[in-house]
Amino acid sequence: METQDTRQGRGAAALEAEAEREKATFTGVTRLVIVALTLFAIGLTINQLFNLKIGGSAILDGMYLNMLAGIFLSLTFLVFRSHGPVSARVPWYDWIIFAAALAVGGFIAWNAEEATTFGWEFAAPDYGVWAAIAFYVLILEATRRAGGTVLFLIVLMFSLYPTFAESVPDPLSGYQQPFNDVVAFFIYSSEGSFGIPMQAFGSLVIGFILFGSVLQFTGGGRFFNDLAFALVGRYRGGSAKVAIFASGFMGSMSGSVISNVLTTGAVSIPAMRRAGFSARYAAATEACASTGGVLMPPIMGATAFVMASWLGLPYSEIMLAAAIPSLLYYFGLFAQIDAYSARRGLRGIPAELLPRLGAVMKSGWFYISVFALLIVLMVAYRWETTAPFYAIALLLVINQLIGTDRFTLSGFVDMIASVGRILAELVAVLLGIGMIVGAFQATGLTGPLAGELVSLAGNSTILLLIMGAITAFIFGMGMTVTACYIFLAVILAPALVQGGLNELAVHLFILYWGMVSYITPPVALGAFAAASMAGSSPIRTAFEAMRLGGVIYIMPFFFVLNPALVGQAGTAEVLFVLVCAMVGVWFISSALQGHISLVGGLGTGALGWLMRGMILLSGLLIAAPMGGLVGLGHTEVTILGALMAVVPLILAWRTGENGDAVPSPAPGA
């Protein structure tokens, strides 16, 4: 059986590889090729999305996606090594594979119009089949390099599944097809590798990834970090509260938990340590804040754009739906840090050491303006595909005129190379995951499998959700967030929707539960990354992060049971449910820390644990947006929860804010 040390070592190894990948830089010919092909792909995207018709005519959507796939799939073999440590030195055989991928991708793009006209997904000529097989093999290898062995094995198994589907017992039995037909379907149809995931990439992802990179390379990350210090640094536990805001801003831009930890953590963790936070607590705070950043609008991660395409909804609607859960997650984290700081008597950062809000806004007001433009264009004008390019143009103009981090040629090249690496990784994963989607479409398995899952749950919504949460967590440990989401959107989401749940809430539920593995052992890459920077125990840091981020485990159940928490209701109902949820999250956070912020401590010993239990149950009853408990409706359940909180609140009030303060740990603890 796998031991805890083995699991911890496996997580640490994955973390080390991820960290090295973030630091790998390319020089010489490799750098030139990556930058040139990335610039060409960005130009191609601008031409397509703005319908510029450079060259005299519009490009077919299929050809456009084929060209993007050929470019970034080939770059995967320059960016990622076939084995061993991450390295910027490209072996000769990777150059050969790069050229092969570029050639095969170019062939498929060149024949895109003919493939569409003559239905190659069902009856491809021999040369078309051979090209599809070659591209299939290249996708598998790219998926292995960019997504890891676990994802590679999953994609391989499901991509071959249609060739033996009839031999599998029910409920997994499906329509069986020859290998050549299956591969042609994957490559030439709009339901395989070039299905919804790649369509979202071509229409939404590139622009927002580029926007996030431009924002960071022009100093946006430093501005939002300074803004966080100016806003909350002076309050008790201020350095930890700064980490929440700074990591939230940065995570929303980068879409990567690990890179978020490695960038903001370099500043926030030492600051928290100097303020008296233990190494474990400082690392756990950074891990939780960075994880939540990927779930925070307006940019979020690439997964949100895939979700928008999958559901056929404007991205702005996804963004607005994700706003309330994100607010509740960060509110819960903020409340826990405040309670912890009150118990430990931790003070804020002296005012003389903090940047002044006026000076910060004066130096970086244009970052706020750019975000405002982005949101207005997405929400008011519904320009989801082109909004980031307008925002980029505005940011570049203002930054070059008055900014302090003006682009130089070297800086611009660095940024494009970074964007190329990110996009290559995404394309490799999306093309591989697209074959899983194609396998389910080819065998007709999606509908029957959803029905079987509902039947297995005995028509119990709660049991179905628990099964879904466990499944999402398990797959989230071995796959990227985007890959995990797409996989579960195929096999799990239809079952949950069939069980009577709101479709948008279901997809956000899957996204959230696919993220929890970043702070949950045995993998917990976000917590391990922060622990390595703080010098704390990785596994203890992960458990501390589980407590700090406790809201992330229960909030998805709340909003999937009442979609008002994702904005799917009238304004009055949304506001009522939001207020109840915030009060409930406040109480839940207080129970986890044994202290009610702004009121007082819950005591120690048996009485203290009893009060914790009462305030925890009270928070759950108030926050849970549902009725049906012993025949009570939502309002009655909320009132019951409020009554249960009376005794703990009175006791905490009598104890006072500093009545249970304990000495703060030594900085090296």
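Using a 4.5 Å heavy-atom threshold, the side chains of I552 and W513 count as separate.
Panel note: side chain T143, backbone A428; a donor-acceptor pair is recorded below 3.5 Å.
A centroid separation of less than 6.0 Å is found between the aromatic rings of Y315 and F305. Proximity of the aromatic rings of F229 and F245 is defined here by a centroid distance below 6.0 angstrom, and this criterion is not met.
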Contacts under 3.5 angstrom, residues 28-45 side chains, donor-acceptor by atom type, not counting sequence neighbours:
| unit_1 | atom_1 | unit_2 | atom_2 | d |
| --- | --- | --- | --- | --- |
| R31 | NH1 | F26 | O | 3.4 |
| R31 | NH1 | D414 | OD1 | 3.2 |
| R31 | NH2 | D414 | OD1 | 2.4 |
| T38 | OG1 | I34 | O | 2.7 |
| T45 | OG1 | A41 | O | 2.9 |
| T45 | OG1 | Y64 | OH | 3.3 |

Residues 100-109, side-chain donor-acceptor partners within the protein, below 3.5 Å, at least two apart:
none

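Between the side chains of E425 and T76, not a single donor N or O lies within less than 3.5 Å of an accepting N or O. Side chains of T541 and S536: a donor-acceptor N/O pair is present below 3.5 angstrom, by distance only. Side chain to side chain, D61 and Q48 meet the donor-acceptor criterion of an N or O pair below 3.5 Å.
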**Asked** Given the rule in the salt bridge (charged side-chain N to carboxylate O under 4.0 Å, His left out) test, do D94 and R89 qualify, once you have shown the distances and angles that lead to the verdict?
**Response** CA-CA 10 Å; D94 278 346; R89 180 173 295 178; over 6 Å; no
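Applying the salt bridge (charged side-chain N to carboxylate O under 4.0 Å, His left out) test to residues at least two apart or on different chains, none of the pairs has a partner in residues 511-524. Sequence neighbours left out, the pairs with a member in residues 215-231 that pass salt bridge (charged side-chain N to carboxylate O under 4.0 Å, His left out) are R222-D405.
For the side chain to side chain donor-acceptor pair (under 3.5 Å) test, no residue two or more places apart in sequence or in another chain qualifies with T386. Considering only residues two or more places apart in sequence or on other chains, S268 meets the side chain to side chain donor-acceptor pair (under 3.5 Å) condition with E286.
Ring geometry for F389 against F50 counts as perpendicular: the plane angle is over 60°, on a 0 to 90° scale with 30° as the lower cut. Between F217 and F407, the ring planes are parallel. Angles under 30° get that label, and only those over 60° would be called perpendicular. Using a 30° and 60° split on the angle between ring planes, W383 and Y390 fall in the tilted class, from 30° to 60°. Between Y367 and F224, the ring-plane angle classifies as tilted under the 30° and 60° cut-offs.
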